[in-house]
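What you see is a predicted model, and the numbers here were worked out from it, not measured in a lab. Numbers here are sequence positions counted from 1.
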Amino acid sequence: MAAFLLGAVLLIVQPQIVPSRPAINSKPESSSQSVQRELLKRTSQKNDFKENIHSNGSCQQLPQTIIIGVRKGGTRALLEMLSLHPDIAAAESEVHFFDWEDHYKNGLKWYISQMPFSYPHQITVEKTPAYFTSPKVPERVYSMNQSMRLLLILRDPSERVLSDYTQVFYNHMQKHKPYPSIEQFLIKDGEVNVDYKAINRSLYYIHMQNWLKYFPLDHIHIVDGDKLIKDPFPEIEKVERFLKLSPQINASNFYFNKTKGFYCLRDSGRERCLHESKGRAHPQVDTWLLEKLHAYFHEPNKKFFELVGRTFDWHSFVAS
């Protein structure tokens, strides 16, 4: 009887385990958050983190690093260059797990199945540029792995807008579909059209604030996309250090292709360049429009520099 009473008392006073959460405002959990947590719980057991173990010791596993963006910032070039390292195993396609509901509802087992086979000493990397600008993604990544190492490659916001337009323009051209001029997208009632999605994607400080709610700045390495285009090796060296990789990539892995106008890769005697869709010429834009675009991004860029504690050599035009 005494043992029974002692057990009852211990059951009553047993402390509740509270999971760690990021430092954000405590609000009642929404239905969408409840669904999200349930989806993660389905496959969050440790023995679910690896799938399809091969006889050679390789297996599919959750990524330890994600290239989160930005669209038209140079994510494909970054992934291809990083893949030169023998300790990197990269997913070939953009997975869109955290930003597409049809994919996210499949759970982590599905996510793992999209990953390449890798060895225990390798880092698995996936890239989906849309993650950076999707408001729901940071919390979802955090819920999966609070220690995730994130790579973000950024370019001059004005140049990124032009690249964004150029990609969609060529996609329409290949399908023999008409597409409006860039001026029609950029200007509305004589001012920069803030409703144009390409403009919003270049407001880096807004999206960065969302990520910093969940991840400390030292878990997010920002690659200078403009420098990566001009001289890739120093930028890749920084990425190696951030990921705590041994220095395996060197300057001889890169060579400038005069025909294409950008750097290509050399690996074990094999040479390869990015797809022909990369590095396309931007449309001709009037000087007054470029200046208007530079002026618009001046203040947002300043806020971003203050947020991340560093500056970038981006166009900055202030109207007199």
How far does [atom1] of [X] sit from [atom2] of [Y], to the nearest 0.5 angstrom?
X    : Y    : atom1 : atom2 : answer
L150 : F132 : CG    : CZ    : 10.5 Å
D231 : D226 : CG    : CG    : 13.0 Å
R201 : Y196 : CZ    : OH    : 8.0 Å
H221 : E240 : NE2   : CD    : 11.0 Å
H172 : K177 : NE2   : NZ    : 6.0 Å
L154 : K72  : CG    : NZ    : 14.5 Å

Side chains of [X] and [Y]: closer than 4.5 Å at any heavy-atom pair?
X    : Y    : answer
T128 : F97  : no
L293 : S158 : yes
P247 : E237 : no
F262 : N257 : no
M173 : Y179 : no

Should E101 and K136 count as an ion pair when the cut-off is N to O under 4.0 Å?
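K136 and E101: salt-bridged.
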Can we say E80 and R76 salt-bridge, meaning some charged N sits less than 4.0 Å from an Asp/Glu carboxylate O?
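Salt bridge: yes.
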[X] side chain to [Y] main-chain N or O, any donor-acceptor pair under 3.5 Å?
X    : Y    : value
D286 : L289 : no
S134 : A130 : no
R140 : F98  : yes
T166 : L162 : yes
Q184 : S181 : yes
N106 : D102 : yes
N210 : P135 : yes
N253 : N250 : yes
H315 : H298 : no
N56  : S58  : yes

Any chance you could pull the hydrophobic cluster mates of L243, using side-chain heavy atoms under 4.5 angstrom and chaining through other members?
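Hydrophobic cluster check, L243: joined to I67, L78, L79, M81, L82, L84, I88, I123, V125, L151, I153, V223, L228, F233, I236, V239, F242, L245, I249, F254, F256, Y263, L265.
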Does Y255 sit in a hydrophobic cluster with other residues, and if so which ones, taking ILVMFWY side chains as linked at heavy-atom separations under 4.5 Å, directly or through other members?
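Answer for Y255: none, a lone residue.
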Please assess K227 against E235 for the test salt bridge (charged side-chain N to carboxylate O under 4.0 Å, His left out), listing each intermediate value before the final yes or no.
CA-CA 7 Å; K227 288 184 178 179; E235 286 299 309; 5.1 Å; no
Which residue pairs satisfy the salt bridge (Lys or Arg N to Asp or Glu O under 4.0 Å) criterion with at least one member in residues 184-195, sequence neighbours excluded?
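Residue pairs with at least one partner in residues 184-195: K188-D195, E191-K292.
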Of all residues at least two apart in sequence or in a different chain, which pass the side-chain hydrogen bond (donor to acceptor under 3.5 Å, both in side chains) check with [X]?
X    : value
S163 : R155, H282
T65  : none
D313 : none
R71  : D164

Which heavy atom in [X] sits nearest to a heavy atom in [Y], and how many Å separate them?
X    : Y    : value
Q122 : P86  : NE2-O, 2.9 Å
M148 : M144 : CE-CE, 3.3 Å
V192 : Y296 : CG2-CB, 3.9 Å
S246 : H85  : O-NE2, 2.6 Å
V161 : A198 : CG2-O, 3.5 Å
V285 : E183 : CA-OE2, 4.4 Å

Pair [X], [Y]: side-chain N/O donor-acceptor within cut-off below 3.5 Å:
X    : Y    : answer
E126 : T124 : no
Q60  : N52  : yes
S202 : R160 : yes

Disulfide bond (SG atoms under 2.5 Å apart): which pairs involve residues 152-270, sequence neighbours left out?
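Passing the test, one end in residues 152-270: C264-C273.
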Which residues pass the ring pair (Phe, Tyr, Trp, His ring centres under 6.0 Å) test with H219, not counting sequence neighbours?
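H219 satisfies ring pair (Phe, Tyr, Trp, His ring centres under 6.0 Å) with no other residue.
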Once ring pair (Phe, Tyr, Trp, His ring centres under 6.0 Å) is applied, do any residues pair with H96, and if so which ones, sequence neighbours excluded?
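Residues passing ring pair (Phe, Tyr, Trp, His ring centres under 6.0 Å) with H96: W100.
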Does W314 have its ring centroid less than 6.0 Å away from the ring centroid of Y204?
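Aromatic pair counts; centres sit under 6.0 Å.
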Does Y111 have its ring centroid less than 6.0 Å away from the ring centroid of Y104?
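When the ring centroids of Y111 and Y104 are compared, they turn out to be at least 6.0 Å apart.
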Are Y119 and F117 in one and the same hydrophobic cluster, where Ile, Leu, Val, Met, Phe, Trp and Tyr link if side-chain heavy atoms are under 4.5 Å apart?
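No, Y119 does not connect to F117 through the hydrophobic network.
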Quick check: is I229 connected to L274 through a chain of hydrophobic side chains (ILVMFWY, heavy atoms under 4.5 Å apart)?
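Cluster IDs for L274 and I229 differ.
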Is the CZ atom of R270 crowded by more than 12 outside heavy atoms at less than 6.0 Å?
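Atom CZ in R270 is not crowded, with 12 or fewer foreign heavy atoms closer than 6.0 Å.
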Result block: side-chain N/O donor-acceptor pairs under 3.5 angstrom for residues 304-312, not counting sequence neighbours:
residue, atom, partner, partner atom, Å
R310, NH1, I222, O, 3.0

Which residues pass the side-chain contact (heavy atoms from CB on, under 4.5 Å) test with K303, sequence neighbours left out?
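Partners of K303 by the side-chain contact (heavy atoms from CB on, under 4.5 Å) criterion, ordered by chain and then number, come out as Y205, E299.
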List the steps, then state whether side chain to side chain contact (heavy atoms under 4.5 Å, CB included) holds for V141 with W211.
CA-CA 10 Å; V141 175; W211 282 92; 4.2 Å; yes
